[in-house]
Amino acid sequence: MESDTQRILDGQPTSTDSVNAVTDTPKEFKAFARQFQAKNEERERDGRRPLQTPYFVKDNKGYYNQGLGIKTPKPLTQEDINRQRIQALRQSVAKGLLPKGSIEGLETLPQAELDQRIAFLQQRADAHAARTPEDVQRIKDAWEADKNRKRLIRKKADGIFKVAQDFRTDIDPQTLQALEDAIKSGDLTAMNRMTKPLAHEIKGLQDRLRAIKQAEILDNPEHWHSVFSLNDLQAVQTAMEKRLADFKEWGYGDFALDTDLANLQKLKTKLENQAYFATQSKDKYRTWEVAHDSWKKLADKAQNLIEWQPIKAELAALQGFKTKSKPFADMLAKAQAAVAGGDKNLAQSLVNAARAKMASLQKKAGKTAAVNAGDLAASKPDGVTMANNTKAQGAHLSVSNAYYLNNPDLARTYVMQHTNVVETSIKAFANTKEGKAFDPADIQAILACDTPKKLAAMAQELQRKYDSGKMQALQKVLDGIDKEFTLMARAVDSFSFQWDYEIRAYQRGAEFTPRSDRGHTMEGVKERAESLERFIQASPKWNGGTTYRGMSLSQKDLDYLTQLLKNGDGDMLGAASWSTESGVSEGFAISKIGQTSEQFGDKLIYPVVLQTATHSSATSICHLSKFPHEMEVLGTAAERWKFIKMERKGEYVYIIVEPV
């Protein structure tokens, strides 16, 4: 105590030991403990009851063990006990008696909650340990079935909610919001309760939308349904159906009579009027755009049927042509299939090709001329009368080597001066009832005009002499002639640059896609292809000497072409460019060597030059071409060739041909 007092005065902590501290039991106690333990062990071996433990041993169990040399373990803390219990649960997890995630986070629980949780898990582990393999499998199956049931509920709810987005204009917004909330919260009970009636409602809405689409009255119902409800769309459709029924009753046309051209034209006019009326009711009907687009769609449908009429009529006429030609029969079959498939452009191309093939077959049989005025294409302007120009064209026309399309007026003048368009059209007009009212001297004055401007001036002069009724008939012819100049000049120019592949593909009935990147359209290709053929027909026929045509061919290409020529049915696959300069054609012959044959797929290896001394129907176009130096002669798509001989000229294969 004195020592501790001094430590306190010195500001130091007191001592934790004492010179009188007892650190061990007395040796007598130790000896007694060993003797007592030995006696009890002997009695246990003899099967006798152990000696009664003295009170000083009972009250000093720790010292007794110490006397025997046995270390007394430190008392366990609550944390130690918790750790041991959790470790026991981990062993149960390892044995598969508990799910792997069942003991996660136990250490963080309050003691009361931990005790409750551990007791429950131990109970489940003991129960699982007592189960048979059959019991375990049944539980696994039930667990898996429950998982699948829950998964299907979620999947069904997600699917129904997704489909419901397409019908937001028709379904109660609160219903959709409730389902969305249930999905987000994972409330399976709510999901299961709501999906069945909503699915039934959506099924009815889908049937209604399908019926609207199948009626083919409204334009793009799916698009408009994103804006308006089905009730709105149904109201527009009902009103339109009533109006269509009125048109039928009033004699304004009926889609069912799609072979009646007059009927369709009347119907188209009424439909276009309805589209216009719809735009005038913007303030009255919020669905006016639906009505406008739908009426316009029906008007387009009528126009489409109108455009089909000449194609179907010509196909029917071609089908009446008697021939054993398999290529001709194949063309008709493909054309019929195109009609059935609704591919108007392809059908028109195939009809054109069949018409050209028929002309070739007729010519071969000696029945008609190769080019017939009755076969002219529909793009010919009103008032223009076509006939073969039988004048011979000796060499290239003796005009300056000008590129006439640098000046559109000069190009039109060239067409006027070097074709018989004016002559045949005005003479045909003079023989009509309206034309006979004109003084023959005036008709001759018109024929004497050699430029479009003079022709227009002559028409103005005649207006002072004749009444408007007579002049109206003449003006229609003059307008058609003037338009034809433009169409022909443009067709030649286009064929000489960028349009030739498409024009030739159209003429032979091949499938192709117009070059939209260059502004080409199927209608533009059709117009140029037909105008080009009329230009050749109306121009003087080439009789100016040898021409050449170069091409790169594969072995299969060469064999195929040679066989066609030997059969007298060589086809240049549409209107074909020839040149009076062999060097120009030889340049084209080597231009694609090494590429792949479009028809047979083998490599292009032969530079081939066709050579002919004459043509059946061709004309010079070097003064209208974008490349006048090529000295180009253009042959009609109807020209057919036969083989004379083949010879080598250096690296080139020359095939001598003549027209059939």
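None of the values given here were measured: they were computed from a predicted structure. Values below: every heavy atom of this structure, side chains too, minus hydrogens, waters and symmetry copies.
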Are the side chain of Gln507 and the backbone N or O of Ala575 linked by a donor-acceptor pair below 3.5 Å?
-> yes
What pairs with Ala215 under side chain to side chain contact (heavy atoms under 4.5 Å, CB included), at least two apart in sequence or on another chain?
-> Ile217, Gln237, Glu241
State whether Asp293 and Lys297 are salt-bridged, where the test is any N-O pair (Lys NZ or Arg NE/NH1/NH2 against Asp/Glu carboxylate O) under 4.0 Å.
-> no
Rounded to the nearest 0.5 Å, how far apart are CG of Leu487 and CZ of Arg534?
-> 6.0 Å
Beyond-backbone contact of Met240 with Leu298, side-chain heavy atoms, under 4.5 angstrom = yes
side-chain contact (heavy atoms from CB on, under 4.5 Å) assessment of Ile655 paired with Val609 = CA-CA 6 Å; Ile655 302 177; Val609 177; over 6 Å; no
Here the gap from Arg243 atom CZ to Leu271 atom CG, rounded to the nearest 0.5 Å, amounts to 11.5 Å
How far does OG of Ser552 sit from CD1 of Ile593, to the nearest 0.5 angstrom?
-> 4.0 Å
Shortest non-hydrogen separation from Tyr606 to Val653 and the atoms involved | CD2-CG2, 4.1 Å
Under-4.0 Å salt bridge between Asp559 and Lys556 | no
Take Asn389 and Lys541 through the test side-chain hydrogen bond (donor to acceptor under 3.5 Å, both in side chains) and record every step on the way to the result.
-> CA-CA 7 Å; Asn389 191 336; Lys541 297 300 176 284; 5.8 Å; no
Only one of Lys642, Lys357, Lys326 forms a salt bridge (charged side-chain N to carboxylate O under 4.0 Å, His left out) with Asp569, so which one is it?
-> Lys357
With no hydrogens and no angle check, is any side-chain donor or acceptor of Ser496 less than 3.5 Å from a backbone partner on Asp493?
-> yes
Hey, does the side chain of Asp343 reach the backbone of Leu346 with a donor-acceptor pair shorter than 3.5 angstrom?
-> yes
Answer yes or no: are there more than 12 heavy-atom neighbours, outside Lys344 itself, under 6.0 Å from its atom NZ?
-> yes
Asp330 and Lys334: salt bridge (charged side-chain N to carboxylate O under 4.0 Å, His left out), yes or no, with the steps?
-> CA-CA 6 Å; Asp330 289 343; Lys334 290 179 181 178; over 6 Å; no
Spell out, as yes or no, whether a donor-acceptor pair under 3.5 Å connects the side chain of Asn567 to the backbone of Gln563.
-> yes
Nearest-0.5 Å distance that lies between atom CD in Gln537 and atom CG in Leu532 = 12.0 Å
Non-hydrogen side-chain atoms of Asp382 and Lys483 separated by less than 4.5 Å | no
Distance-only donor-acceptor check, side chains Thr636 and Glu533, under 3.5 Å = yes
Derivation of the side-chain contact (heavy atoms from CB on, under 4.5 Å) call for Ile481 and Glu484 | CA-CA 5 Å; Ile481 291 173; Glu484 184 71 330; 5.6 Å; no
For residues Leu624 and Phe535, determine if any side-chain heavy atom of one lies less than 4.5 Å from a side-chain heavy atom of the other.
-> yes
Consider only side-chain N and O atoms of His418 and Ser539, and report whether a donor and an acceptor are under 3.5 Å apart.
-> no
Atom pairs and distances, side-chain donor-acceptor, residues 576-590, under 3.5 Å, sequence neighbours left out:
residue, atom, partner, partner atom, Å
Ser577, OG, Glu632, OE2, 2.3
Ser579, OG, Glu581, N, 3.0
Ser579, OG, Glu581, O, 3.4
Ser579, OG, Glu630, O, 2.6
Thr580, OG1, His396, NE2, 3.1
Ser585, OG, Tyr548, O, 2.9
Glu586, OE2, Tyr654, OH, 2.7

is_close_aromatic(Tyr414, Phe485), centroid dist under 6.0 Å = no
Is a side-chain N or O of His615 found less than 3.5 angstrom from the main chain of Pro659, in a donor-acceptor match?
-> no
Do Val657 and Gln611 have side-chain heavy atoms sitting under 4.5 Å apart?
-> no
Is the shortest heavy-atom distance from the side chain of Gln498 to the side chain of Arg515 under 4.5 Å?
-> no
Shortest non-hydrogen contact from Leu573 to Arg508?
-> O-NH1, 3.4 Å
Could you walk me through whether Thr619 and Gln393 pass side-chain hydrogen bond (donor to acceptor under 3.5 Å, both in side chains), step by step?
-> CA-CA 7 Å; Thr619 193; Gln393 187 182 67; 3.1 Å; yes
Measure from the side-chain N and O atoms of Lys526 to the backbone N and O of Glu530, and report whether any donor-acceptor pair falls under 3.5 Å.
-> no
Less than 4.0 Å between a side-chain N and a carboxylate O, is that true for Asp219 and Lys296?
-> no
Does a salt bridge link Asp500 with Arg504, judged by any charged N lying under 4.0 Å from a carboxylate O?
-> no
Would you please test Asn388 and Asn420 for side-chain contact (heavy atoms from CB on, under 4.5 Å) and show each step?
-> CA-CA 8 Å; Asn388 284 326; Asn420 63 2; over 6 Å; no
Smallest heavy-atom separation, Val421 atom then Ala538 atom, equals CG2-CB, 4.1 Å
May I have the step-by-step check of side-chain contact (heavy atoms from CB on, under 4.5 Å) for Leu332 and Val351, ending in yes or no?
-> CA-CA 7 Å; Leu332 293 186; Val351 164; over 6 Å; no
Backbone of Ser617 reached by a side-chain donor or acceptor of Glu639 within 3.5 Å | yes
When rounded to the nearest 0.5 angstrom, what distance separates OG in Ser554 from CG in Leu561?
-> 10.5 Å
Nearest atoms (heavy-atom pairs only) where Glu647 meets Lys649 | OE2-CE, 3.2 Å
State, to 0.1 Å, how close Phe643 and Met646 come at their nearest heavy-atom pair, and which atoms those are.
-> CZ-N, 3.6 Å
Please examine the side chains of Leu315 and Val339, heavy atoms only from C-beta on, and report whether any two atoms are closer than 4.5 Å.
-> yes
Is a side-chain N or O of Ser494 found less than 3.5 angstrom from the main chain of Arg490, in a donor-acceptor match?
-> yes
Flag, side chain of Ser516 to backbone of Gly519, donor-acceptor distance under 3.5 Å = no
Please check if the side chain of Ser620 supplies one atom and the backbone of Val633 the other of a donor-acceptor pair under 3.5 Å.
-> no
Out of curiosity, His520 NE2 to Tyr501 OH, how far, rounded to the nearest 0.5 Å?
-> 13.5 Å
Decide yes or no on side-chain hydrogen bond (donor to acceptor under 3.5 Å, both in side chains) for Ser531 and Arg528, but give the supporting numbers first.
-> CA-CA 5 Å; Ser531 299; Arg528 286 164 172 79; over 6 Å; no
Does any donor atom in the side chain of Gln319 or Gln336 lie under 3.5 Å from an acceptor atom in the other side chain?
-> yes
Can you tell if the side chain of Phe600 reaches within under 4.5 Å of the side chain of Tyr560, non-hydrogen atoms only?
-> yes
Please tell me if the side chains of Arg208 and Arg210 come closer than 4.5 Å, counting only heavy atoms from C-beta onward.
-> no
Where is the tightest heavy-atom contact between His225 and Leu209, given as atom of each residue plus distance?
-> ND1-CD2, 4.2 Å
